[in-house]
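Here the structure is laid out as structure tokens; the discussion comes afterwards.
Throughout, a chain's letter reflects where its sequence line sits, starting with A, and its residues are numbered from 1. All values below come from the heavy atoms of this structure, side chains included, with hydrogens, waters and symmetry mates left out.
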Number of protein chains: 2
Amino acid sequence: MESLVNTIRAMIAISDKELEYFLSHCLEKRFKKNEILSKPLITPNEIFFIQKGMIRVLITDEEGVEHTIHFAQENQFIADYSAFMLKRPSVYSLQTLEDTFVIVMPKSIIEWGYQELQEGDKLGRLIAEYYFIYQDTPIKNMFALTPKERYDSITEVFPNIHNRVPQHMIASYWGITPVHLSRLKNQRK
Amino acid sequence: MESLVNTIRAMIAISDKELEYFLSHCLEKRFKKNEILSKPLITPNEIFFIQKGMIRVLITDEEGVEHTIHFAQENQFIADYSAFMLKRPSVYSLQTLEDTFVIVMPKSIIEWGYQELQEGDKLGRLIAEYYFIYQDTPIKNMFALTPKERYDSITEVFPNIHNRVPQHMIASYWGITPVHLSRLKNQRK
DNA sequence: TAAAAATCTAAACATTTGTTATCGTTTCTT
DNA sequence: AAGAAACGATAACAAATGTTTAGATTTTTA
């Protein structure tokens with residue numbers, strides 16, 4: 001759980017004792033490639049922290065077409081975060097893209113953190129802020145960059161994404177078909 | 001400043017004295033319709049709270065085309081929130097859609113709140129969480145609803161939007177042309 | 001209040017993007 | 001290691017969406 005410890009300690013001050021208590025209520029879990037961690041209609045009761053591997057957040061439309069909303073990799077928190085916060089049934093699915101090793105953080109211990117930790121709300125604020133920025137960045141890129149620049153710039157956040165994720169999922173992340181992405185790659189701009 | 005007081009007190013416990021100090025460092029400001037509150041390339045140093053009126057967040061692409069990112073109305077906080085948090089030059093513009101009366105909350109007093117208020121971080125967390133949900137909802141709607149349902153459902157968040165906002169801005173919010181929106185309206189679904 | 005500007009619809013046409021199918025290659029499964 | 005499945009490129013065609021223009025209203029400005 002070292003990576004989670006480092007991530008939390010980079011954001012807030014927390015005693016060893018408190019951290020130990022927090023972690024003792026978390027759970028380590030391994031998933032194989034393409035497994036579903038979280039399904040629509042079920043109210044999410046936990047946030048995942050990725051120690052190793054990769055996850056995508058996706059939504060399946062009425063016609064059964066999958067649309068990728070986010071990718072997440074090592075040292076990121078991931079969930080249907082809106083549904084988690086609103087205590088409502090999730091809309092997104094979470095699916096592993098590789099064999100993935102996560103820490104499961106139950107809602108109960110997160111809420112304990114908000115109430116009992118000196119800087120619990122600060123941690124929550126920072127995570128929410130980062131996630132907001134994380135969601136906002138591709139929106140900005142959509143309008144500020146050409147398709148070619150977008151194709152290149154996605155590696156800034158996900159250094160090796162073009163080796164780790166099939167192209168058709170990147171296409172679905174950008175709202176285009178794989179065929180169209182393949183065409184764009186062969187253009188100059 | 002009553003509406004801001006109510007909004008804050010609905011989220012956290014705060015003494016009269018603290019609230020008074022906070023508000024004394026805020027500023028009330030009036031803008032006419034179509035005025036620009038915040039421009040690209042300038043690092044935003046404040047968050048706006050709308051007391052009366054309506055604001056849109058937009059991005060202008062390389063070809064000069066404007067894309068609406070958000071609408072915001074009474075009792076909402078609004079800013080290029082990513083840029084504000086990252087202390088980076090903003091990418092979005094903020095523009096009034098009506099004569100608008102806002103409270104300007106400078107970064108300095110917001111940071112004072114995080115440091116000095118018992119529940120300052122909690123307030124920041126809740127605002128970030130709400131804004132996240134606010135940004136996530138239309139993404140979910142994009143895939144879960146038909147265009148007709150989207151046209152109707154936008155009034156759930158903005159009850160009178162079709163009277164307050166010209167249709168071509170709603171079109172730009174959905175990433176389509178005004179002509180295309182006009183066509184969609186004449187379809188059944 | 002008159003002129004100017006903005007708004008919405010509509011039509012004709014152009015362009016972009018999607019769909020389907022095929023093929024060679026790579027990756028997975030057993 | 002062999003067969004099956006997934007993947008990415010490409011082409012031909014179809015469908016969706018954009019562009020341009022015009023005209024009838026409404027709203028704003030002076």
Side-chain angles (χ1 to χ4, degrees), chain A residues 31-36 53-54 56 58-68 71 95-100 142-143 145-152 154-155 158 160-189, chain B residues 30-36 53-54 56 58 60-68 71 95-100 142-143 145-152 154-155 158 160-189:
Chain A
F31 294 89
K32 289 194 190 150
K33 183 174 176 174
N34 292 327
E35 275 194 88
I36 303 295
M54 199 146 192
R56 70 164 176 155
L58 64 118
I59 186 170
T60 307
D61 70 21
E62 281 184 332
E63 278 136 21
V65 180
E66 295 179 348
H67 305 268
T68 302
F71 297 105
Q95 179 188 36
T96 56
L97 301 178
E98 305 171 348
D99 291 358
T100 296
M142 177 65 68
F143 299 110
L145 304 182
T146 64
K148 170 70 175 160
E149 287 170 333
R150 255 186 348 255
Y151 187 83
D152 294 338
I154 197 174
T155 60
F158 298 102
N160 206 19
I161 193 171
H162 295 303
N163 293 320
R164 295 177 82 176
V165 175
Q167 214 162 87
H168 66 85
M169 288 187 186
I170 296 175
S172 89
Y173 178 59
W174 286 334
I176 61 178
T177 60
V179 175
H180 188 51
L181 177 53
S182 179
R183 280 193 284 235
L184 287 176
K185 280 173 66 181
N186 286 7
Q187 289 173 205
R188 278 287 154 91
K189 280 183 155 183
Chain B
R30 287 173 195 279
F31 294 90
K32 288 194 189 149
K33 181 173 177 175
N34 291 329
E35 274 194 90
I36 302 295
M54 198 146 193
R56 71 165 175 154
L58 64 116
T60 308
D61 69 20
E62 282 183 332
E63 279 137 20
V65 180
E66 295 180 346
H67 305 268
T68 303
F71 296 106
Q95 179 188 35
T96 56
L97 300 178
E98 306 171 347
D99 292 357
T100 297
M142 176 66 67
F143 299 110
L145 304 182
T146 65
K148 170 71 174 159
E149 286 170 333
R150 251 179 358 249
Y151 187 83
D152 295 337
I154 196 172
T155 61
F158 299 102
N160 206 19
I161 192 169
H162 295 305
N163 293 321
R164 295 176 81 176
V165 175
Q167 213 162 88
H168 66 86
M169 288 186 186
I170 296 176
S172 89
Y173 178 60
W174 285 334
I176 61 179
T177 60
V179 176
H180 188 51
L181 177 53
S182 179
R183 278 193 286 233
L184 287 176
K185 281 173 66 181
N186 285 8
Q187 289 174 205
R188 277 289 155 89
K189 278 186 156 182

OP1 or OP2 of [N] versus the side-chain N and O atoms of [X]: is any pair under 4.0 Å?
X	N	result
A/Asn186	D/dT10	yes
B/Gln167	C/dT9	yes
A/Lys185	D/dG8	no

Side-chain heavy atoms of A/Met54 within contact of A/Thr96, under 4.5 Å:
no
Heavy atoms, side chains only, cut-off 4.5 Å: are B/His162 and B/Thr155 in contact?
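With C-beta onward as the side chain, the pair touches.
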Write down the distance between [atom1] ([X]) and [atom2] ([N]), rounded to a whole number of angstrom.
X	N	atom1	atom2	answer
A/Asn34	C/dC28	CG	C1'	11 Å
A/Leu181	C/dT19	CG	C1'	16 Å
B/Leu184	D/dA15	CG	P	18 Å
B/Glu98	D/dT28	CD	P	11 Å
B/Leu97	D/dT27	CG	P	16 Å
A/His168	C/dT25	NE2	P	20 Å
B/Glu63	C/dT15	CD	P	15 Å
A/His180	D/dC7	NE2	P	20 Å

With heavy atoms under 4.0 Å as the rule, sort A/Ile176 into base, sugar-phosphate or nothing.
sugar-phosphate
Where the side chain of A/Ser182 is defined as all heavy atoms beyond and including C-beta, which of D/dA9, C/dC8, D/dG8 is the nearest nucleotide?
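Comparing D/dA9, C/dC8, D/dG8 against the side chain of A/Ser182, the answer is D/dA9.
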Would you find more than 12 non-hydrogen atoms of other residues, nucleotides or ligands less than 6.0 Å from A/Arg164 atom CZ?
yes
Rounded to the nearest 0.5 Å, how far does CD1 of A/Ile154 lie from CH2 of A/Trp174?
5.0 Å
Kindly indicate whether the side chain of B/Arg183 and the base of D/dG18 share any N or O donor-acceptor pair separated by less than 3.5 Å?
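Under the 3.5 Å cut-off, the side chain and the base do form a donor-acceptor pair.
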Quick check: on DNA chain D, is the nucleotide nearest B/Lys33 upstream (toward 5') of the one nearest A/Met169, or the reverse? Name the residue that is more 5'.
A/Met169
On DNA chain C, nearest-nucleotide positions of A/Gly175 versus B/Pro166: which is more 5'?
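Nearest nucleotide further toward 5': that of B/Pro166.
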Regarding B/Glu66 and B/Arg56, does a basic nitrogen lie under 4.0 Å from an acidic carboxylate oxygen?
yes
